[in-house]
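Accompanying notes for the structure given below.
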There are 2 protein chains.
Amino acid sequence: MFRIFSIFGNEFNFNAMARTKEFNEDQALDKAIEIFWHKGYNGTSAQDLVTHLGLSRSSLYDTFGDKQKLFVKSLKRYQQQNQESLIQLFENSENIKTTITEIFKQAVLESLQDRITKGCFMVNSAVELAMHDPEIAKIVHDNQKAVEDIFYNAVKKGQESGQISDKQEARSLARFIFNNYSGIRVLARAGENDKQVYDDILKAIFSLF
Amino acid sequence: MFRIFSIFGNEFNFNAMARTKEFNEDQALDKAIEIFWHKGYNGTSAQDLVTHLGLSRSSLYDTFGDKQKLFVKSLKRYQQQNQESLIQLFENSENIKTTITEIFKQAVLESLQDRITKGCFMVNSAVELAMHDPEIAKIVHDNQKAVEDIFYNAVKKGQESGQISDKQEARSLARFIFNNYSGIRVLARAGENDKQVYDDILKAIFSLF
DNA sequence: GTAATTACGGAACGATCGTTCCGTAATTAT
DNA sequence: ATAATTACGGAACGATCGTTCCGTAATTAC
């Protein structure tokens, strides 16, 4: 920090140093994502955060402000990470339809593998908080639009290259895909672990295009 | 209440009467459904319940046990009500596919009309609680199976009468329909109020069968 | 070293949580 | 009227909530 005081026309420069943080902020945020994802906002106590993040109450509050601010920062980070990996998947994709099926199959795999099925942090937050917290609502809505657009661009590209049937409008298909992705994540969160249920849904989805 | 005491071989019958409840238990449950649906389990305080149900703490606890028991009873009642109305819809249906579209259109209407969009109480509870409360998980899972079966029977009937294409397996289609219904309810809970988004999804869904 | 600043660990705060308890009201058979 | 029972209103409980505060540790320019 660097401060300048001016007293009676004389300037004094103070360049005082402070103790360095003993933890990495991004790593702490990743831990916060984990526990908020698992337990939800209301289900996660300040003590849970202290324990799971491994830093003291004061450090936690000094760094992130309060519980709501930490949650918002976690959710935004999660959003950004997922959005980037989604974009990358389509950038490296040779066949759009195959990539979309891979995305769904991956979601199903996660649902079946995870001993603790967490669903989707964004869907969970939407259901728990969007209605009562405008800031969360905006993040959820922005995410929806962003993901929808990523699917839209992918579908459009797929239709132009003939990989995807153009019987459905690209925008409609993108929204349809997003909707089914949400549904599957809810199913996972609800603890469904019968692979056949997911496979049946995927079969129906991908017979559409 | 009726009690029998036996003292030294003599039986004494006591038939003592008590004050009558000033509220209707089912009406109170409906109020509980409302507020739990709106605010979620963790978001609803005991004071919220007292205020919204209009009865005292003691009456509330005497009647329903505790908050979790009241929630379970509310969710079960909601499940039963919805299941019955769904069955009735298909019993009175002349065209299965039309009825299914009506169900979705109704969900969309509710999402757009409600000033406070509550989504679906079952979906909300699944996301918030199924993972941490086995009793809720069972209700959610039973509901999923029951609703899936209702759709399955309806689809099968529709396919036999030629109202629904039999290109899709009935079981697969039923699960697909359920999945999209969940998705739409999440969208509503997230506050989506652009009719075009819902219409696009419905268009895609119903082009499948 | 000293001064200045920030990080840390943990105690402590007031508020709210879900729940219990108590005194009184209501009800009806006796 | 009395006895027996349950319902009611509201105060009160201990526990936990999110948050703040304080004393000490660490860091670096001077």
Side-chain angles (χ1 to χ4, degrees), chain A residues 1-5 7 10-29 31-32 35-36 39-74 128-129 132-133, chain B residues 1-5 7 10-29 31-32 35-36 39-74 128-129 132-133:
Chain A
M1 283 299 136
F2 196 70
R3 295 198 181 175
I4 301 179
F5 292 81
I7 302 176
N10 300 317
E11 286 193 350
F12 299 85
N13 292 356
F14 293 92
N15 199 347
M17 291 301 131
R19 186 171 167 180
T20 54
K21 277 191 203 301
E22 293 174 2
F23 65 95
N24 179 282
E25 197 171 316
D26 281 342
Q27 284 176 6
L29 268 183
K31 295 266 192 186
I35 193 160
F36 278 135
K39 294 191 162 196
Y41 179 81
N42 284 309
T44 304
S45 68
Q47 186 53 50
D48 286 335
L49 290 167
V50 167
T51 303
H52 196 78
L53 271 64
L55 42 92
S56 68
R57 279 172 146 67
S58 50
S59 297
L60 203 156
Y61 276 82
D62 282 352
T63 307
F64 299 109
D66 60 23
K67 187 182 168 186
Q68 198 266 359
K69 287 198 184 77
L70 174 56
F71 186 89
V72 165
K73 210 160 187 173
S74 302
E128 185 186 2
L129 303 169
H132 305 286
D133 186 330
Chain B
M1 283 299 136
F2 198 75
R3 296 197 181 176
I4 301 177
F5 293 83
I7 303 176
N10 298 318
E11 285 194 349
F12 298 86
N13 292 359
F14 293 92
N15 199 348
M17 291 299 131
R19 187 170 167 179
T20 53
K21 277 191 204 299
E22 291 175 3
F23 65 95
N24 178 282
E25 197 170 317
D26 280 343
Q27 284 176 5
L29 268 182
K31 295 266 192 185
I35 194 160
F36 278 135
K39 295 191 161 195
Y41 178 80
N42 285 308
T44 303
S45 68
Q47 185 54 50
D48 286 335
L49 290 166
V50 167
T51 303
H52 197 77
L53 272 63
L55 42 93
S56 68
R57 279 172 146 68
S58 50
S59 297
L60 204 155
Y61 276 82
D62 282 351
T63 308
F64 299 108
D66 59 23
K67 187 182 167 187
Q68 197 265 359
K69 288 198 183 78
L70 173 57
F71 187 88
V72 166
K73 210 160 187 174
S74 303
E128 186 187 1
L129 303 169
H132 305 286
D133 186 330

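Within every chain, numbering begins at 1; the chains are lettered A, B, ... in the order of the sequence lines, protein sequences first and strands thereafter.
- In a base pair of the Watson-Crick type (N1 to N3 plus N6-O4 or O6-N4) or a G-U wobble (N1-O2 and O6-N3), with each distance short of 3.5 Å, D:dC30 is matched with C:dG1.
- Atom-to-atom, OH of B:Y41 to P of C:dC17 comes out at 13 Å; the value is rounded to the nearest Å.
- What separates CG of A:L53 from P of C:dA7 is a distance of 16 Å, to the nearest Å.
- Across all strands shown, B:S56 has heavy atoms under 4.0 Å from base atoms, whether or not it also approaches the sugar-phosphate.
- A sub-4.0 Å separation between OP1 or OP2 of C:dA7 and a side-chain N or O of A:S59 is absent.
- A residue-by-residue look at A:G65 and A:D48 shows that A:D48 has its nearest nucleotide of DNA chain D further toward the 5' end.
- Nearest-nucleotide positions on DNA chain C place B:D66 closer to the 5' end than the other of B:D66 and B:T20.
- Atom-to-atom, CG of A:N42 to P of D:dG18 comes out at 9 Å; the value is rounded to the nearest Å.
- The side chain of A:S45 approaches D:dC17 more closely than any other nucleotide in the set D:dC17, D:dC8, C:dC8.
- As a whole-Å value, the separation of B:F64 CZ from D:dC8 P is 11 Å.
- A distance-only check finds a donor-acceptor pair linking the side chain of B:E128 to the backbone of B:Y41 [under 3.5 Å].
- Comparing B:Q47 and A:L60, the nucleotide of DNA chain C nearest to each residue sits closer to the 5' end for A:L60.
- For A:K69 and D:dG18, the NZ to P distance is 15 Å, given to the nearest whole Å.
- Protein atom CZ of B:F23 is 13 Å distant from nucleotide atom C1' of D:dG9, rounded to whole Å.
- Ranking C:dT27, C:dT19, C:dT6 by closeness to the A:R19 side chain, first place goes to C:dT6.
- Residues A:D48 and A:T51 have side chains that never bring a donor and an acceptor to within less than 3.5 angstrom of each other.
- To the nearest 0.5 Å, atom NZ of residue B:K67 and atom CZ of residue B:F36 are 6.0 Å apart.
- With a 4.5 Å cut-off on side-chain heavy atoms, A:E25 and A:K73 count as touching.
- Between the CZ atom of B:R57 and the P atom of D:dA7 there is a distance of 19 Å, rounded to whole Å.
- In this structure, B:K21 places its NZ atom 14 Å from P of C:dT27, rounding to the nearest Å.
- Searching all strands for a Watson-Crick or G-U wobble partner of C:dG23 with both distances below 3.5 Å returns D:dC8.
- Considering only heavy atoms from C-beta on, B:T63 comes within 4.5 Å of B:K21 through its side chain.
- Nucleic acid contact class of B:S58 (heavy atoms, under 4.0 Å, all strands): base.
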